[in-house]
Structures are given as structure tokens and as C-alpha cells.
Amino acid sequence: MSQTLGLIGSGMIGASVARLAVAAGLEVVLSNSRGPETLADLVAELGGRARAATPAEAARAADLVVAAIPLKACDQLPTDALTGKTVLDTSNYYPERDGHLAELDAGELTSSALMQRHLGGSRVVKAFNNITPHQLFTLARPAGAPDRSALPIAGDDAEAKAEATRLLDVLGHDAVDIGTLADSWRSEPNTPVYIQPYLGELPAMSVEDFLRWTLRNPGIAVPAAQVGELVETAVRRSAGEARLPSAG
């Protein structure tokens, strides 16, 4: 897979995707809301296959884009530069961070359907939203490995989902197609496939302590069949009840 991957948002999830992409031989263009100069350390760590740019520059340079940003920042995405691109949306809706959005609280839209509405000229695929950043990295395995994990994806465009599946494969994970963006709630907070299967029993702690704890946890392999079973058992609850990752 000889491609350039653009990252809009280079926090924990974005950095994990970038590390896996560089290790797989992809070119990576990193960006964030604070400017390319703030990414110097990460670029230096990643080496010659990585460079920093503005979000619009990263979008234009990329064959495939990962938007690893909070949902509340979706209106800051460079819509013109993303026209015609497949965009992998890693976001989840957390009202305590994003503020309450009536359409999401009422179940009229999923967060990725909202992202698709904003990015009308792009093809949005929900991906990377149900796993913690460290486990995304540590659980990556070569194709065919018996302990390879899978991640759910959802989208309205078949070719865009095929692109996402190829990227996940290159990065070390199988993909499980769970349907359209309207179905993407099945991998969001409050569902059985969200975070816990990849970590095991979660001790009660603050969000900050939880993230530190995940760095000491090697993670648990969750194969495609198990992901499919977990997704099928999901029962939709109000998205307005979602909380940031922690067991507290």
C-alpha cells in the first residue's frame, strides 16, 4: 500500500496511527490546530517518512485522511481541501466535552453522520473510535497472525470502506464492516465493543488515571468474530449519556 496518509489531529490516537503507518512504509503528513512547528518532536521520532503541515496542506497531500479530532472541532476541518477524499472519523460524542447536541441526544443522527453532513464533498468512514490509543498500537499484528485484533468500521460508501479496510490491514488490524453511518452507534460509547474488550476488567479511576493505566496494559486481542458478536448485541441508548473513557 504505497500511499500518503494525512492526519488532522496528532494527539494520542493520531500519533498511534502515525507510528503504525510509518512502520508499515507509508508517508505521513501530520497536522494539528496549533501549527506545524508544534509537531517537531513527533516528526523527529517518526523519521524521514513523516512531515508536518497545516490541516489543509495535509488534506491536499493525502491519498487518505484520518481526522483524529474531538467532535466539537469538526467545523474547523478544511472542507474544501477534503473534497473528494475518504476521511476516517475517529471521534466519539461526549457531551461533557462537546456540549449537548440535540440531534445526537435524540438519536436522529450519529456523530459520524453529523461529520458527513459537515463534509458533504467527502466520504466519511467511522474507524479507530472504539479502542484506546496505546492498545491500537500494541495490539497491531501482521496479517494472518492468530492473535490479530479487529476494529469495526461504518460508512455509506462501499469503496471508501474498502479503502479503510486496506489501511487497517496495513496498520495491523482486521476490519469488521458494521454497516452505514446510521449504524455506527453500535461501536460508540455505551456499547459492548467499546474499549473494554481490548483491556479487560476496568478498575474505577479518573479519566487521567485511566489513560495512564492503559499505558501499562498490553491489551487483549479481540478477533473479528468476537467484534461481530459484540456489535450484534448492542442496544442503543441515549448518546447524551456518554462519558469520557474511564470506569469512574
Side-chain angles (χ1 to χ4, degrees), residues 1-32 36 39-53 55 58-59 61-69 85-92 124-155 160-177 187 193-195 197-199 211 214-224 226-227 245:
M1 185 177 184
S2 178
Q3 281 195 320
T4 297
L5 184 66
L7 282 158
I8 299 179
S10 299
M12 291 183 290
I13 282 286
S16 287
V17 171
R19 291 181 180 108
L20 291 171
V22 166
L26 276 65
E27 301 293 321
V28 174
V29 184
L30 302 156
S31 70
N32 63 16
L39 295 166
D41 289 345
L42 182 56
V43 169
E45 174 198 329
L46 294 172
R49 291 190 178 276
R51 64 183 176 90
D63 298 299
L64 192 61
V65 178
V66 175
I69 61 171
K85 305 281 184 175
T86 293
V87 179
L88 275 62
D89 169 30
T90 76
S91 68
N92 287 303
V124 172
V125 178
K126 186 82 160 186
F128 301 123
N129 69 297
N130 73 311
I131 190 169
T132 40
H134 187 62
Q135 281 59 48
L136 174 62
F137 184 79
T138 60
L139 291 174
R141 299 289 188 275
D147 59 343
R148 201 181 210 213
S149 286
L151 300 172
I153 63 169
K161 286 196 283 188
E163 288 183 77
T165 297
R166 290 192 291 269
L167 177 65
L168 263 66
D169 181 51
V170 166
L171 299 187
H173 296 271
D174 291 331
V176 176
D177 186 346
S187 69
V193 80
Y194 179 74
I195 291 184
Y198 304 90
L199 289 169
L211 291 172
T214 66
L215 298 177
R216 304 190 299 272
N217 188 326
I220 299 170
V222 184
Q226 184 180 351
V227 168

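Between Arg51 and Glu27 the shortest side-chain heavy-atom distance does not fall below 4.5 Å. Between Gln135 and Asn217 the shortest side-chain heavy-atom distance falls below 4.5 Å. Thr132 is listed as a side-chain neighbour of Ile195, based on a closest heavy-atom distance under 4.5 Å. Side-chain contact between Leu167 and His173: absent, with no pair of heavy atoms (C-beta onward) separated by less than 4.5 Å. Inter-residue side-chain proximity for Leu136 and Ile13 is flagged as met; some heavy-atom pair is nearer than 4.5 Å. Contact check for Val17 versus Leu5: side-chain heavy atoms found under the 4.5 Å cut-off. The shortest side-chain heavy-atom distance between Asp147 and Arg141 falls under the 4.5 Å cut-off. In this structure the side chain of Leu46 reaches within 4.5 angstrom of the side chain of Leu30, judged on heavy atoms.
A donor and an acceptor atom, one from each side chain of Tyr198 and Asn130, are located under 3.5 Å apart.
The heavy-atom pair separating Ser187 from Val193 by the smallest distance is CA-CG1, 3.6 Å. Counting all heavy atoms, side chain and backbone alike, Lys126 lies closest to Asn92 at NZ-OD1, 4.1 Å. Closest non-hydrogen pair, Ala53 versus Ala58, comes out as CB-N, 4.2 Å. The two residues Ala164 and Ile153 come nearest to each other via the heavy atoms CB-CD1, 4.4 Å. Across Ser16 and Pro133, no two heavy atoms sit closer than the pair OG-O, 2.9 Å. Taking both residues in full, the closest heavy atoms of Ser31 and Ser10 are given as O-OG, 3.0 Å, listed atom of the first, atom of the second, then distance.
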- Message: Assess the residue pair Leu39 and Asn32 against the criterion (side chain to side chain contact (heavy atoms under 4.5 Å, CB included)); give the C-alpha distance rounded to whole Å, side-chain angles, the decisive distance to 0.1 Å, and a yes or no.
- Response: CA-CA 8 Å; Leu39 295 166; Asn32 63 16; 3.4 Å; yes
- Stepwise side chain to side chain contact (heavy atoms under 4.5 Å, CB included) check, Leu64 with Leu88: CA-CA 8 Å; Leu64 192 61; Leu88 275 62; 3.9 Å; yes
- Message: Evaluate Phe128 against Leu168 for side chain to side chain contact (heavy atoms under 4.5 Å, CB included), listing each step before the verdict.
- Response: CA-CA 9 Å; Phe128 301 123; Leu168 263 66; 3.6 Å; yes
- Message: Set out, in order, the CA-CA distance, both residues' side-chain angles and the distance that settles side chain to side chain contact (heavy atoms under 4.5 Å, CB included) for Ser91 and Ile69, then state yes or no.
- Response: CA-CA 6 Å; Ser91 68; Ile69 61 171; 5.6 Å; no
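The salt bridge (charged side-chain N to carboxylate O under 4.0 Å, His left out) check on Asp41 picks up nothing, with sequence neighbours excluded. A search for salt bridge (charged side-chain N to carboxylate O under 4.0 Å, His left out) contacts involving Arg148 returns Asp169, Asp174, not counting sequence neighbours. Applying the salt bridge (charged side-chain N to carboxylate O under 4.0 Å, His left out) test to Lys85 and every residue at least two apart in sequence or in another chain returns nothing.
Results of the side chain to side chain contact (heavy atoms under 4.5 Å, CB included) test with His134 over Leu199, Leu215, Leu139 single out Leu215 as the only residue that passes. When each of Thr90, Val28, Thr86 is paired with Val66, the side chain to side chain contact (heavy atoms under 4.5 Å, CB included) condition holds for Thr90 and for no other.
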